[in-house]
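Working notes for the structure below.
The figures that follow rest on heavy atoms only: side chains count, while hydrogens, waters and symmetry mates do not.
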Amino acid sequence: MSEGLSETFVLPFVLPFDGPLDLPSTLASGQCFRWRVDDSGAWTGVVGRDIVRLARTPDGVAIESAPTPPAELAEHMVAYLRLDDDLPAIQERIGADERMREGIDRYPGLRLLRQEPWETLAAFILSSTSNIPRIARTVELIADTFGERLTLGGTTRNTFPTPEALAEAGEERLRALGCGFRAPYLAQAAAAVADGTLPLDELRGARYADVLAALTALHGVGDKIADCAMLFSLERLEAFPADRWVRRVLVDWYGLPPNVSYEGTRTWAQERFGSDAGYANQYLFWNVRQASRKRVA
DNA sequence: TAATAACCTCGCAA
DNA sequence: ATTGCGAGGTTAT
């Protein structure tokens with residue numbers, strides 16, 4: 001213990017990966033709300049009951065985490081980052097048209113994530129008529145208030161609270177955290193998951209129509225929010241959450257009628273892209289968002 | 001079946 | 001600085 005290398009210097013664990021992976025686009029593209037980048041380019045977030053720090057390396061992804069050590073968490077991070085998806089093959093299939101091809105080529109390492117269903121549903125309930133900075137702020141505030149504390153190095157974050165904890169918290173305390181008119185929606189969803197009315201774990205991988213029906217049975221969850229939860233956490237990659245941005249793209253680039261119904265966008269996307277519709281959505285969404293930000297800046 | 005207002009706050013732009 | 005607008009939707013009418 002007395003030799004030169006102190007125990008404070010720990011070689012980072014590196015998850016080997018040689019495929020396309022653009023951490024900034026993937027973690028900031030609006031599908032998740034808890035990742036923060038630091039000056040070194042590393043990303044810190046909370047995944048399940050662990051605080052995690054990620055950085056791209058030439059050989060893969062460097063991982064620090066606690067309380068689960070990186071080596072034990074690695075397999076789960078492969079799943080979380082969907083490194084098991086054959087992204088080049090997906091891009092080959094959906095990149096048939098010029099617009100999509102350009103969008104893919106601009107962000108070739110943009111991946112979907114495989115997130116935790118309850119947290120994802122809750123976050124997108126909060127997304128209604130809101131914006132990404134505000135959603136992120138509210139999610140963080142809810143975690144800080146009702147979640148459990150985690151520490152990694154000098155960084156402290158909280159888990160996203162369980163459905164039981166948010167059901168217990170109740171509408172009024174959620175409203176006090178800035179949830180606004182979404183507070184009763186979130187409280188009711190928490191209660192439904194907590195008491196088994198909405199069995200999220202059983203819905204993972206179930207038929208699209210069945211998952212959609214189960215989710216939209218909740219007050220405050222319509223087609224769009226259900227599609228987000230399905231795509232980002234319930235393994236329904238054919239989901240196509242058409243928000244106002246994606247709709248604009250469909251109208252401007254693909255000639256869909258401006259008054260196309262949500263069902264119309266869903267049918268269009270699923271006929272065109274099949275089970276790759278979700279990836280197609282993500283490329284369209286991120287491209288149009290980035291383009292609009294550049295125009296402002 | 002299709003259109004329209006209301007809903008809570010907050011972030012961001014003048 | 002203070003004000004005003006609109007935001008990754010859903011529901012009720």
- Query: Whole Å only: how far is the CZ atom of A/R266 from the P atom of C/dG9?
  - Reply: 15 Å

- Figure out the CG/C1' separation between A/D223 and C/dG8, and round it to whole Å. 15 Å

- Query: Taking N and O atoms by type only, does the side chain of A/R134 place a donor or acceptor under 3.5 Å from a partner on the base of B/dC12?
  - Reply: no

- Message: With a 4.0 Å cutoff (strictly under), does any side-chain N or O of A/R244 reach OP1 or OP2 of C/dG9?
- Response: yes

- Message: Applying a 4.0 Å non-hydrogen cut-off, can you work out what A/I135 is touching in the nucleic acid: base, sugar-phosphate, or nothing?
- Response: nothing

- Task: Take atom P in B/dA3 and the same atom in C/dG8, then report the distance between them in whole Å.
- Result: 23 Å

- Figure out the CZ/C1' separation between A/F33 and B/dG11, and round it to whole Å. 15 Å

- Query: Within 45 degrees of the axis of the six-membered ring of A/W286 and under 6.0 Å from its centre: does A/R289 put its NZ or CZ there?
  - Reply: no

- Message: What's A/L218 touching, base or sugar-phosphate or nothing? Going by heavy atoms closer than 4.0 Å.
- Response: sugar-phosphate

- Query: Which is true for A/T216 with a 4.0 Å heavy-atom rule: it touches a base, it touches only sugar-phosphate, or it touches nothing?
  - Reply: nothing

- Query: Which value, in whole Å, describes the distance between the P atoms of nucleotides C/dT11 and B/dC10?
  - Reply: 23 Å

- Classify the side-chain pair A/Y107/A/Q282 by whether it contains a donor and acceptor separated by less than 3.5 Å. no

- Parallel under 30°, tilted from 30 to 60°, perpendicular over 60°: which one fits the rings of A/H76 and A/Y80? tilted

- Query: Just checking A/V246: base, sugar-phosphate only, or nothing, at a heavy-atom cut-off of under 4.0 Å?
  - Reply: nothing

- Message: By nearest heavy atom, map A/F181 and A/P133 onto DNA chain B; which one lands nearer the 5' end?
- Response: A/F181

- Query: With distance as the sole criterion, do the side chain of A/R175 and the base of B/dC8 form a donor-acceptor contact below 3.5 Å?
  - Reply: no

- Atom CZ of A/F124 and atom P of C/dA7 are separated, to the nearest Å, by 17 Å

- Query: Stepwise, does the side chain to side chain donor-acceptor pair (under 3.5 Å) test hold for A/T68 with A/D50?
  - Reply: CA-CA 6 Å; A/T68 307; A/D50 288 289; 2.9 Å; yes

- Task: Return the value, rounded to whole Å, for the distance between atom CG of A/D243 and atom C1' of C/dG6.
- Result: 15 Å

- Note on the structure: Picking from B/dC8, C/dG9, C/dG8, the nucleotide nearest the side-chain atoms of A/R182 would be B/dC8

- Message: Tell me if the centroids of the rings in A/F285 and A/F240 come within less than 6.0 Å of each other.
- Response: no

- Message: Suppose we call a contact any N or O donor and acceptor under 3.5 Å apart; does that hold for the side chain of A/S127 and the base of C/dG8?
- Response: no

- Could you tell me the separation between the OH atom of A/Y185 and the P atom of B/dC7, rounded to a whole number of Å? 11 Å

- Separation of C/dG9 atom C1' from A/R247 atom CZ, nearest Å, is 12 Å

- Of the candidates C/dA12, C/dG8, C/dG9, the side chain of A/H219 sits closest to C/dA12

- Message: Using whole Å, what does the distance between atom P of nucleotide C/dG9 and atom CG of A/L212 come to?
- Response: 16 Å

- Stepwise, does the side chain to side chain donor-acceptor pair (under 3.5 Å) test hold for A/Y208 with A/D227? CA-CA 9 Å; A/Y208 181 88; A/D227 272 331; 2.5 Å; yes

- Message: Nearest heavy atom decides the nucleotide; on that basis, is A/N131 or A/G220 closer to the 5' end of DNA chain C?
- Response: A/N131

- May I ask you to check whether A/T57 and A/D59 show a side-chain donor-acceptor distance below 3.5 Å? no

- Message: Let me spell it out: for each of A/N259 and A/G178, pick the nucleotide of DNA chain B with the closest heavy atom. Which residue's pick is nearer the 5' end?
- Response: A/N259

- Message: Heavy-atom count check: over 12 atoms from other residues, nucleotides or ligands less than 6.0 Å from A/E102 CD?
- Response: yes

- Message: Counting only heavy atoms from other residues, nucleotides and ligands, does the tally under 6.0 Å from CG of A/D84 exceed 12?
- Response: yes

- Task: Sticking with atom P, work out how far C/dT13 lies from B/dC8, rounded to a whole angstrom.
- Result: 14 Å

- Note on the structure: So the stems of DNA chain C, runs of at least three Watson-Crick or G-U pairs (under 3.5 Å), are B:3-7 with C:9-13, B:9-14 with C:2-7

- Task: Ignoring the backbone of A/R137, work out which of B/dG11, C/dG8, B/dC8 is nearest its side chain.
- Result: B/dG11

